[in-house]
Number of protein chains: 2
Amino acid sequence: MAMVLNRLTALDAVRMLQRRELSAVQLLRACFARIEQREDSVHAWAALDKDAALKHAQALDNGPITGPLHGLPFGVKDLFDTQEFPTTYGSAIYKDHRPEADAAAVTLCRQAGALVAGKTVSTEFATFQAPLTRNPHNTAYTPGGSSSGSAAAVADYMVPFALGTQTAASIVRPAAYCGVVGFKPTFGSIPRDGIKSLAPSLDTVGCFTRTVGDAGLVASVLMNKPELRRLDYDGPPRIGIYRTPQWRHTLPETRDAMAQATETLARARAVVQEVDLPPECCALVQLQSDIMTYEASRSLGLERERHASQISPGLLALLQGGDTIDEARHQANLQRSRDLYGRVSGWFDRFDVLLTPSAPGEAPFADQGTGDPLFGRVWTMFGLPCVHLPFATGPHGLPVGLQAIGRKGDDHRLLCIAKWMHDKLRPQG
Amino acid sequence: MAMVLNRLTALDAVRMLQRRELSAVQLLRACFARIEQREDSVHAWAALDKDAALKHAQALDNGPITGPLHGLPFGVKDLFDTQEFPTTYGSAIYKDHRPEADAAAVTLCRQAGALVAGKTVSTEFATFQAPLTRNPHNTAYTPGGSSSGSAAAVADYMVPFALGTQTAASIVRPAAYCGVVGFKPTFGSIPRDGIKSLAPSLDTVGCFTRTVGDAGLVASVLMNKPELRRLDYDGPPRIGIYRTPQWRHTLPETRDAMAQATETLARARAVVQEVDLPPECCALVQLQSDIMTYEASRSLGLERERHASQISPGLLALLQGGDTIDEARHQANLQRSRDLYGRVSGWFDRFDVLLTPSAPGEAPFADQGTGDPLFGRVWTMFGLPCVHLPFATGPHGLPVGLQAIGRKGDDHRLLCIAKWMHDKLRPQG
């Protein structure tokens, strides 16, 4: 029984918890049994405290129903401050860091009745160095990054949901590699207080779940939008298939997934049509990279000044790249991003969502980093809501999927349509 | 004038040096002028000592001609012990390490009249973490690894040659990304004394140069084979085109390079034919990875025991992966590698060389690691001599090429044919 409870979706678990058919302690014990069984292989967690979590669960069981996440254990990327756990931001510089308060997003989840199971592994300051975490489907492969532990923990049925952040592709890519739903909402719609900043124009809080419905549930709390708990949609939607100028980087499994999605969704009577981009938009990936690099080199100024020897050479080089950009050029880059967004935002008059790659293909080998964030960068820069949908399998048996992109601010509609599409695309319906 | 001397090939420079038409001090000053101009962008060097190098150059100018490398400055990957320079093996654990003697390969070059210009950046213990070094063609991109600084320094005309090592693809891949010739000879043909060991069944010393002739010159000293200084070959050779089971990972620029090479070499009357592999050889890449991981987890035992906190999470995870393999399985892996080699060695009765990808395509962005060693692993495992030939350009203007693989022990024939092919493939002939 214990090994089944940890596989419940968040929505199913919450329904049972609220009817007191399931206790928070039962659910937590099932999750910890899974963690104890698998953590030595997966390394999803940066910090765990089973006893403290059990006390919180006990208190929830003894008290009244507190909110829509009542009794759900969750993982928190180690980029978010937590009072009860060390918070390293993925860096040795902060190995003994104990913040005085929880990040706002953690607090919102706790206030809605969820309890922190532990901190999940983040790459170094949410950048690109390979983490200790492995892909739970096959530990020879990377889980992706930077929200590596959050994606792996949810994929491996250790917790029903986990928090992450995305500055380039740090939610969508690990979701793709681990085969879970990853939701990055519209920029600015979830408070970032208490999160280690990497690039303030881009950093966005989001979540990992195993279904789109669960993403709606968690986001309803984080975004203060109860309507996200209902994702009814009759369809059919108008779907723009967008291959991007980086299509040459896709592996055959991604091309197959795109072909399969096009066919399946068209058969479900969606209007499915190829979209293209004005030619001046070809440098979008580089533009996002420049914005991110410049802002990161400023955000991590103190760490560079005082602890450069504890920063990885790869990150140091990235930050030095940021030094070559001046404020005037950065402002011009931000303006250019806004201008280019103006050129493409008309997409959402013609289409309800865009469907586009989340990653080149299956996860690469773990020892070569966290994979390429190429396919996430542009959407993060534009601040658009994105949700990754896992539905296919690659040549090594690892998960493959695509992401759906919605109109800025219309996260509800995006999730509704994403759920509709996911129901059609998943083998089990 | 100073800016021209540093662009001389090793063979041209040595010819002038031996005739005393060029002094070692002149050449070294030109190289250091280039280094001073570019090092802030490229970060090829882990340690430099201009004054010490100038003293050596002066002594060479004042004394007799010492050997075939007389007066050539060279870069030494920071995985080789050097008495006059700190030797970090790319790790903070060894940041204050000063070996008592030079590695054997360094000594051989010095005894042939070359002088160490400095130590070049190695990734952490020659593994996969992104280094500080950038691709000299465009500093937004990686130079590849693990011999990152050696490849970048030679490509950027900072030195005429540099030493490197290859355990997976650490010579061929950075050579490909930086657009230089990278030569990994037959396993065991250059002494490894004084090199930090990663995987003793695989670790191989080699060199970076800008021409195949220069690779022959340097290798003639390292391998004690004077015949490598003459690469005469009338041709035409029989060339096997081998796409590998990993062809799906190639980007269009690599496929274009393969098509171009096939056409050009056939037009030069080479016998060019596609080769395939027995189906049981499909897991070769994984086999190399298992052998490497197991041996690395043992080679770095002391560092893990005493300094785990200073090892990057990515490398720690790789080493933990090695712990899951036991000695019996490792011995079976080595036996399997020998058996499979027996299945393919007949290739070299039908073909003089194989032509195969060196890397998926152009260099990836610098912040995402050093690229995929996929296309180097098998040849290193089989111990075959490999030489990367740069001759094409990718969509971002970065170098692209292919590697030629030769019969085990017949490095001379491989270099002769590689030079013949390179003369046909390079735009300038």
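Convention: sequence-line order gives letters A, B, ...; per-chain numbering from 1. Basis for what follows: all heavy atoms, side chains included, without hydrogens, waters or symmetry-related copies.
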Item checked: Under 4.5 Å from a heavy atom of chain B, the part of A:Gln320 involved -> side chain

Next item on the list: Applying side chain to side chain contact (heavy atoms under 4.5 Å, CB included), run through A:Gln129 and B:Phe128 and close with a yes or a no.
Entry: CA-CA 9 Å; A:Gln129 298 296 301; B:Phe128 302 108; over 6 Å; no

Check: Of all of A:Leu251, A:Leu316, A:Thr123, which one pairs up most often with chain B through heavy atoms under 4.5 Å apart?
Finding: A:Leu251

Item checked: Side chains of A:Phe365 and B:Asp372 in contact at under 4.5 Å (non-hydrogen atoms) -> no

Next item on the list: Of all the heavy-atom pairs spanning A:Ala317 and B:Pro131, show the shortest one and how long it is.
Entry: CB-O, 4.1 Å

Next item on the list: Please say whether more than 12 non-hydrogen atoms of neighbouring residues, nucleotides or ligands are located less than 6.0 Å from CZ in B:Arg298.
Entry: no

Next item on the list: Specify which of B:Pro313, B:Gly145, B:Ser309 makes the most heavy-atom pairs with chain A at under 4.5 Å.
Entry: B:Pro313

Check: Non-hydrogen atoms of chain A under 4.5 Å away: do they reach the side chain of B:Pro395, the backbone, both or neither?
Finding: side chain

Next item on the list: Mind ranking B:Arg134, B:His249, B:Lys95, B:Gln310 by heavy-atom pairs under 4.5 Å with chain A and telling me who comes out on top?
Entry: B:Arg134

Next item on the list: Could you grab the distance from atom CG of A:Asp367 to atom OG1 of B:Thr293, nearest 0.5 Å is fine?
Entry: 6.0 Å

Check: Of all heavy-atom pairs between B:Gln368 and A:Gly371, which one has the smallest distance, and what is that distance?
Finding: CG-O, 4.2 Å

Note to self: Need one label for A:Pro252: side chain, backbone, both or neither, based on atoms under 4.5 Å from any heavy atom in chain B.
What the structure shows: both

Check: Taking atom CG of B:Asp40 as the centre, does the number of heavy atoms from other residues, nucleotides or ligands within less than 6.0 Å exceed 12?
Finding: no

